[in-house]
Asker: 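I'd like to ask some things about the structure below.
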Number of protein chains: 2
Amino acid sequence: MALDLFTERGYGQTSLREIAERLGLTKAALYYHFSSKDEIFMALHRRLHESLDATVAVLEDEDMTLGGWLALFERFVEKFPGNRKLILMHERNRTAFEKVHNEGHDQEHADIEEKLSAALRDPEIPVRERIRIGCAFSMMMGGLLFAGDGFQDVDADELTAEMKSALQDLLGAY
Amino acid sequence: MALDLFTERGYGQTSLREIAERLGLTKAALYYHFSSKDEIFMALHRRLHESLDATVAVLEDEDMTLGGWLALFERFVEKFPGNRKLILMHERNRTAFEKVHNEGHDQEHADIEEKLSAALRDPEIPVRERIRIGCAFSMMMGGLLFAGDGFQDVDADELTAEMKSALQDLLGAY
DNA sequence: GTCTATATTTCGATAGAC
DNA sequence: GTCTATCGAAATATAGAC
């Protein structure tokens with residue numbers, strides 16, 4: 001599957017030949033289903049968005065506070081089990097996503113990273129809070145790397161609970 | 001510079017033509033200084049190791065406890081200002097590094113990620129501690145992404161201090 | 001829908017002049 | 001040390017039969 005190859009080897013190191021091979025098809029067959037390599041990539045991108053946009057929708061409405069970010073991140077963590085592979089692929093291909101994102105003049109989707117990036121550079125928010133929000137986000141996303149790596153023997157619910165606990169220690173201590 | 005291109009666009013999406021172009025040279029001139037594209041990549045890898053191996057050397061000696069990891073991460077954070085670009089490049093090219101690392105049967109260097117990976121899957125360590133160590137590490141590495149992105153107006157010392165404070169909240173509350 | 005070609009481009013790498 | 005020129009391999013993508 002393309003998802004696995006992009007995660008293991010990275011987008012730029014994965015060829016259509018490899019993808020087709022793992023699928024038991026030929027390259028030509030892939031072009032019946034997708035018009036380009038980028039489109040395969042973007043299809044996976046869209047799948048993740050469709051799965052998480054409802055969770056992130058609150059960003060449109062609310063003016064986020066520290067507690068608001070905590071609540072959002074906690075909801076995000078709860079969605080991890082069902083989206084682990086997609087998020088992991090995304091995390092391991094940030095450069096490739098940015099490139100396709102820029103070239104394609106991608107439609108304005110309610111992207112959590114855009115709102116986050118805006119908050120992190122917002123001079124209205126105290127520096128300490130901005131740093132904490134950034135730390136919490138990277139902890140949350142990076143935690144996934146280990147969720148598949150070192151924590152395979154750990155119960156999913158326990159992992160979720162511990163991640164929430166860590167988020168609270170980072171954001172809730174005020 | 002190759003360092004910038006690998007960081008912006010990723011190793012697999014960067015061609016030698018682009019690197020040479022940004023340097024004001026031709027591809028052929030690059031091959032006088034490096035024997036292959038991989039070697040350019042590994043030269044940057046080695047530069048980071050030479051800069052951080054002294055900090056990580058403690059891993060060889062000690063049997064790490066939770067407090068040991070905290071101390072190590074704090075020292076790591078202090079080394080950030082001088083190694084920001086290299087670490088950022090490393091973080092954004094994990095897949096490419098793993099590939100070169102495997103193919104080249106890279107010499108056993110005291111890599112922090114190997115020791116970390118071992119600790120995360122060590123059944124002797126309580127699950128809660130394993131998760132906290134993983135969270136702290138990803139927070140620390142991911143914090144770099146924002147250090148260059150949203151925190152350009154933040155004083156470097158203040159950022160370091162706040163990162164340490166966050167590390168303590170994650171690892172020191174026991 | 002999937003195949004066997006094949007076209008086209010780009011890439012990493014080399015040869016040899018200066 | 002850097003250049004021009006080029007090679008060979010591999011990649012993306014297409015054409016057309018079945």
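Note that these values count all heavy atoms, side chains included, but never hydrogens, waters or copies made by symmetry. The chains referred to below are lettered A, B, ... by the order of the sequence lines, with proteins before strands, and numbering in each begins at 1.
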Asker: Can you tell me how far P of D:dA10 sits from CD1 of A:I19, to the nearest Å?
Answerer: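 In whole Å, D:dA10 P and A:I19 CD1 are 18 Å from each other.
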
Asker: How would you list all residue pairs meeting ring pair (Phe, Tyr, Trp, His ring centres under 6.0 Å) that involve residues 3-27 of chain A, not counting sequence neighbours?
Answerer: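 Listed by first then second residue: A:F6-A:Y11, A:F6-A:F41, A:Y11-A:F41.
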
Asker: Applying side chain to side chain contact (heavy atoms under 4.5 Å, CB included), can you list everything that pairs with B:A43, at least two apart in sequence or on another chain?
Answerer: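 If we apply the side chain to side chain contact (heavy atoms under 4.5 Å, CB included) test to B:A43, skipping adjacent residues, the hits are B:F34, B:R46.
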
Asker: Distance only, no hydrogens: is a donor on one side chain within 3.5 Å (strictly under) of an acceptor on the other, for A:Q168 and A:E74?
Answerer: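 Side-chain D/A pair, A:Q168 to A:E74: present.
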
Asker: Taking only residues two or more places apart in sequence, or in another chain, which ones meet A:S138 in a side chain to side chain contact (heavy atoms under 4.5 Å, CB included)?
Answerer: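 In terms of side chain to side chain contact (heavy atoms under 4.5 Å, CB included), with neighbours along the sequence ignored, A:S138 is linked to B:F146.
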
Asker: Not counting sequence neighbours, which residues clear side chain to side chain contact (heavy atoms under 4.5 Å, CB included) with B:D122? List them please.
Answerer: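 Only B:E124, B:I125 meet the side chain to side chain contact (heavy atoms under 4.5 Å, CB included) criterion with B:D122.
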
Asker: Could you tell me the separation between the CD atom of A:E21 and the P atom of C:dT2, rounded to a whole number of Å?
Answerer: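 Spelled out: CD on A:E21 to P on C:dT2 is 17 Å.
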
Asker: Taking salt bridge (charged side-chain N to carboxylate O under 4.0 Å, His left out) as the test, write out the residues that go with A:K164, two or more places apart.
Answerer: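 By the salt bridge (charged side-chain N to carboxylate O under 4.0 Å, His left out) rule, A:K164 matches A:E78.
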
Asker: Going 5' to 3' along nucleotides 11-18 of chain D, which nucleotides have protein heavy atoms under 4.0 Å from the base (write B), which only from the sugar-phosphate (write S), and which from neither (write -)?
Answerer: SBBBB---

Asker: Grab the OH-P distance between B:Y32 and D:dT2 for me, whole Å please.
Answerer: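 The distance from OH of B:Y32 to P of D:dT2 comes to 8 Å, rounded to the nearest Å.
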
Asker: OP1 or OP2 of C:dC3 sitting under 4.0 Å from any side-chain N/O of A:T26?
Answerer: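 Yes, within the criterion.
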
Asker: Between the opening five pairs and the closing five pairs of the helix from C:dG1-D:dC18 to C:dC18-D:dG1, how far apart are the helix axes, to 10°?
Answerer: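 Rounded to the nearest 10 degrees, the bend comes out at 0°.
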
Asker: Mind checking salt bridge (charged side-chain N to carboxylate O under 4.0 Å, His left out) for B:D38 and listing every partner two or more places apart, or none if nothing turns up?
Answerer: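 Listed in chain order: nothing, the list is empty.
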
Asker: Going by salt bridge (charged side-chain N to carboxylate O under 4.0 Å, His left out), name the residues that satisfy it together with B:D157, two or more places apart in sequence or in a different chain.
Answerer: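 Salt bridge (charged side-chain N to carboxylate O under 4.0 Å, His left out) check on B:D157 returns nothing, list empty.
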
